[in-house]
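What follows is a short report on a single structure.
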Amino acid sequence: MGRGRRGSQRGSFKNRGSRNSSSRGRGNFKNKRKFNKNEDRKKDAESDNKRQKFQPEKESEPLVEESSSSSESEEEVKPYTQLLSMFKSGNRAQQVLTSDEEESEDVDSEDKSVETDSRSDGDSASELGNQEMDEEMSEDVDSGDENDEEERDLLGVQEDDEVEEDDEELDAEEDEDEMEEVPSGDEEEMGSSTDPYHLHYEREMSESLLETLTSPKPYETQELNWKALGRMVIYLPAKIDKKTEKPKPVLLGETTEKYVIPGTVPILKAGIPLVDYGVKSQLCANLDKRPLSDGSTQTVEEMLSPLQHELFSLANEYRDIYYPEMNYLNIDEIRTVYCLHSLNHVMKSRDKVLLHNAKLKKYKENGQSTDDVEFRDQGLVRPRVLIIAPLRNSAVKIVEKLASLLLPVKGQIINKDRFYKEFGEEKDEEDKKENKKSYKPEDYEAVFTGNTDDSFRIGISVAKRTLKLYAGFYKADILIASPLGARTLLADDFDFLCSIEILVIDQTDILYMQNWDHILHIFQHLHLQPREQHDTDLGRVRLWALNDYSPHYRQNLIFSSVALPEAAALFSRRGTNFAGKVRVENVVLPSATTVCRVLVQLPQAFHRFPTPTAAQSSDDRFHFFTKKILPQYRDLLMSNTLIYIPSYYDYVRLRNHLHKEEYNFGQACEYTPDGKLAQVRNRFFLGKKRLLLYTERLHFYRRLTMKGIHHIVFYQLPIFPNFYPELCNLLQDAFQNPKYRGDGSQTCTVLYSSYDAQRLAAIVGSQRAAEMLTSDRPVHLFVSGGS
């Protein structure tokens with residue numbers, strides 16, 4: 001009977017795990033205890049004996065941590081006093097924990113209140129109530145996905161109360177299990193001497209190193225060659241005078257043991273298990289999917305490819321990495337590396353917080369004072385990892401990779417159905433037919449297969465056996481967002497970016513084709529002083545975070561398929577990691593050049609124009625083109641000329657000039673409607689439009705097969721080197737107007753300057769590009785194909 005009545009009231013009892021409704025949950029709990037009391041009056045004697053065991057717990061109070069605001073601390077750390085005054089920390093500061101840890105404490109405190117009530121109602125009833133309580137919590141977790149689909153937040157920043165309550169109950173149970181598996185304090189100290197996580201984040205920064213990193217030239221460069229990555233440029237902090245500096249006293253009279261060690265030349269380790277790199281054994285076991293294999297004993301060479309091994313060796317030491325050689329063939333390997341590194345970082349941070357919580361709880365239970373105990377293991381807010389991805393289909397692959405690395409066989413993904421509904425592939429029958437009609441290159445299919453929406457953001461919280469999607473941004477460990485999705489949120493709130501420790505920029509080349517200004521806007525809002533407290537316990541915040549040294553601890557991982565000067569500038573100017581930086585710079589061999597892929601017999605004239613600075617190159621290019629190149633195409637023989645323009649600003653400028661000079665031309669850009677685009681393509685093929693302006697972003701997103709091209713002019717070299725042979729091969733007879741077929745009068749003209757060295761090297765090769773840039777001749781001729 002009691003079981004039936006309890007199940008009928010589950011609707012009001014389910015909110016027990018919520019912090020906001022904890023008192024309501026206890027009320028229902030007491031009523032249920034009274035109901036059981038009436039059935040078990042015969043066990044009073046036994047309950048009296050057990051009541052004596054509970055008496056010491058009655059004297060102990062729930063765990064409450066107060067933020068320290070002593071005058072000595074405020075004088076020593078000025079930014080800390082500013083945060084104290086801003087947050088008004090005269091009141092009791094709440095503790096920033098994972099949502100799992102908060103609910104674990106709620107469960108403990110409520111269990112104590114239950115035991116207090118059971119002393120007057122009968123201990124046997126309390127035992128029965130606790131057993132049925134656990135059963136109801138497990139039943140509520142099973143219905144979490146159904147509640148997620150009913151109510152949801154469109155922005156993905158705040159989560160439904162019902163979903164959070166059910167999920168937090170599950171996380172609380174998991175935290176109780178993990179508390180038993182957290183290493184002891186002695187084991188932690190032993191691991192901290194070799195673990196890269198502890199070496200990077202658990203130490204303070206010396207004044208001399210800080211001066212070096214904030215100087216105009218903070219790094220010295222060296223070169224290193226590895227087998228898979230090739231030539232690398234290593235950036236190490238400039239040598240500093242080794243002075244015997246005593247560690248400054250910090251809050252509560254403690255001193256730091258050591259300062260952080262500046263980065264050194266990386267050494268590739270071989271023949272050791274992945275666990276010896278400091279990777280969690282759970283991740284190693286999930287990474288090795290082979291049957292009957294033990295991830296803890298497999299060497300890193302057996303579990304990772306050569307590229308993954310070298311990238312992970314650098315990332316695991318928390319160095320900044322710029323790798324501009326990503327492609328659709330190795331992108332999955334690269335995602336495995338940074339997802340493994342991000343999960344390992346989050347799990348270590350979480351375990352450390354749980355360990356310190358267990359110690360504080362033990363001190364309270366033993367009646368020891370915690371006034372002289374200080375654990376600094378958190379940032380100003382919870383989010384630690386930010387992954388910037390261009391499209392929703394990229395976010396799907398990243399989440400799937402995180403799930404495959406984290407979750408064991410019995411693990412679960414919360415809000416999985418909702419995620420695939422919003423981020424999954426959505427194609428109607430017309431789109432499928434259109435894709436079947438036209439052939440697209442493999443790299444295009446790899447990027448634009450699936451949901452190609454570029455506005456999204458999602459928070460992910462990590463537990464040992466659970467991956468919770470759509471977690472609130474201030475309750476999430478990992479944030480995945482597109483530049484547009486993040487920027488629309490930064491207009492109202494940017495506090496969630498103040499404690500980012502790992503920043504991953506995936507597919508930077510695609511982000512560049514969207515809007516690079518969004519990326520710069522995100523970097524401008526990293527590590528700003530938060531405007532609200534967000535339940536932060538300042539006594540648990542690391543000192544280097546309070547002192548505004550977080551930019552020197554943040555790791556930047558930038559991956560791209562092409563070498564972009566903008567990405568290189570972002571890597572060098574917006575990152576001052578004391579662990580050092582690594583940039584991959586390989587020469588382009590003649591066999592890897594894209595000019596060799598031009599199949600048609602085509603003379604290609606490369607014209608170099610002089611320009612003193614990069615800022616002035618745009619004006620010099622325009623004047624050189626309008627005075628030297630464009631007048632040649634007024635001749636009737638130079639009809640059907642396509643002018644390829646990478647920059648939209650150059651496109652608008654040249655379009656206005658052609659209008660002013662009354663040229664007969666058409667225009668096709670990424671903003672041209674489909675109907676008008678089809679019309680101008682048809683007129684260009686028939687020769688009714690002598691010139692056609694064609695932007696690179698249109699070609700990137702559509703990969704159109706432009707027919708009727710007889711002459712092609714590259715106003716600037718393409719950002720993507722594979723576009724050069726694609727467009728040149730459109731001059732073959734199969735795509736020509738019948739009146740031009742077989743005459744062999746097609747031409748190709750290219751404009752370049754010394755600031756286009758990277759684009760030029762990707763097309764003609766590094767050695768040949770160096771000769772063209774330093775030669776006395778301004779024009780170089782290439783002839784491809786032949787009979």
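All heavy atoms count here, side chains included; hydrogens, waters and symmetry mates do not.
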Where Leu406 and Leu283 come nearest, the two heavy atoms and their spacing: CA-CD2, 4.1 Å
Any side-chain donor near an acceptor of the partner, Glu501 and His200, under 3.5 Å: no
Tyr363 and Phe375 aromatic ring geometry - parallel, tilted or perpendicular at 30°/60° bounds: parallel
Close side-chain approach of Leu503 to Leu557, heavy-atom, < 4.5 Å: no
Close side-chain approach of Asn286 to Ser404, heavy-atom, < 4.5 Å: no
Sidechain N-carboxylate O distance under 4.0 Å for Arg542, Glu202: yes
Heavy-atom side-chain proximity of Tyr277 to Ser313 below 4.5 angstrom: yes
For Thr214, side-chain contact (heavy atoms from CB on, under 4.5 Å) partners two or more places apart: Leu210, His552
Any Ile413 side-chain heavy atom under 4.5 Å of Leu407 side chain: yes
Residue pair Asp493 / Tyr474, side-chain donor-acceptor N/O under 3.5 Å: yes
Rounded distance (nearest 0.5 Å) linking atom OG of Ser461 with atom CG of Leu469: 8.0 Å
From Leu497 atom CG to Ser550 atom OG, the distance as rounded to the nearest 0.5 Å: 12.0 Å
Lys348 (side chain) donor-acceptor with Gly278 (main chain) under 3.5 angstrom: yes
Aromatic ring proximity Tyr201/Tyr197, centre distance under 6.0 Å: yes
Option from Tyr553, Tyr549, Phe578, Tyr259 for which ring pair (Phe, Tyr, Trp, His ring centres under 6.0 Å) with Trp544 holds: Tyr553
Main-chain N/O of Lys475 paired to Arg382 side chain as donor or acceptor, under 3.5 Å: yes
Side chain Asp495, main chain Arg531, donor-acceptor under 3.5 Å: yes
Heavy-atom donor-acceptor pair, Arg376 side chain to Leu538 backbone, under 3.5 Å: yes
Residue from Arg384, Lys468, Arg350 passing salt bridge (charged side-chain N to carboxylate O under 4.0 Å, His left out) with Asp477: Arg384
Side chains of Leu405 and Leu287 in contact at under 4.5 Å (non-hydrogen atoms): yes
Within-4.5 Å side-chain heavy-atom neighbours: Asp548 and Gln529: no
Whether His527 side chain and Cys498 backbone form a donor-acceptor pair below 3.5 Å: yes
Taking every non-hydrogen atom, the tightest pair across Val260 and Met205: CG2-CA, 4.0 Å
Check: Ser499 side chain, Val381 main-chain N or O, donor-acceptor pair, under 3.5 Å: yes
Min side-chain heavy-atom separation Lys361-Lys359 under 4.5 Å: no
Residues that Arg554 engages under salt bridge (charged side-chain N to carboxylate O under 4.0 Å, His left out), provided they are two or more places apart: none
Flag side-chain contact, heavy atom, 4.5 Å: Ile460 against Val385: no
Shortest non-hydrogen contact between Tyr318 and Ala579, atoms and distance: O-CB, 3.4 Å
Asp537 side chain vs Gly539 backbone, donor-acceptor pair below 3.5 Å: yes
Side-chain donor or acceptor of Asp320 paired with backbone N/O of Asn556 under 3.5 Å: yes
Backbone of Lys280 reached by a side-chain donor or acceptor of Asn344 within 3.5 Å: yes
N/O donor-acceptor pair under 3.5 Å between Asn547 side chain and Leu543 backbone: yes
Ion pair check, Asp377 and Arg540, cut-off under 4.0 Å: yes
Aromatic ring pairing Phe419/Tyr470, orientation class (parallel under 30°, perpendicular over 60°, tilted between): perpendicular
Interatomic spacing from CG in Asn316 to CD in Gln555 - rounded to 0.5 Å: 9.0 Å
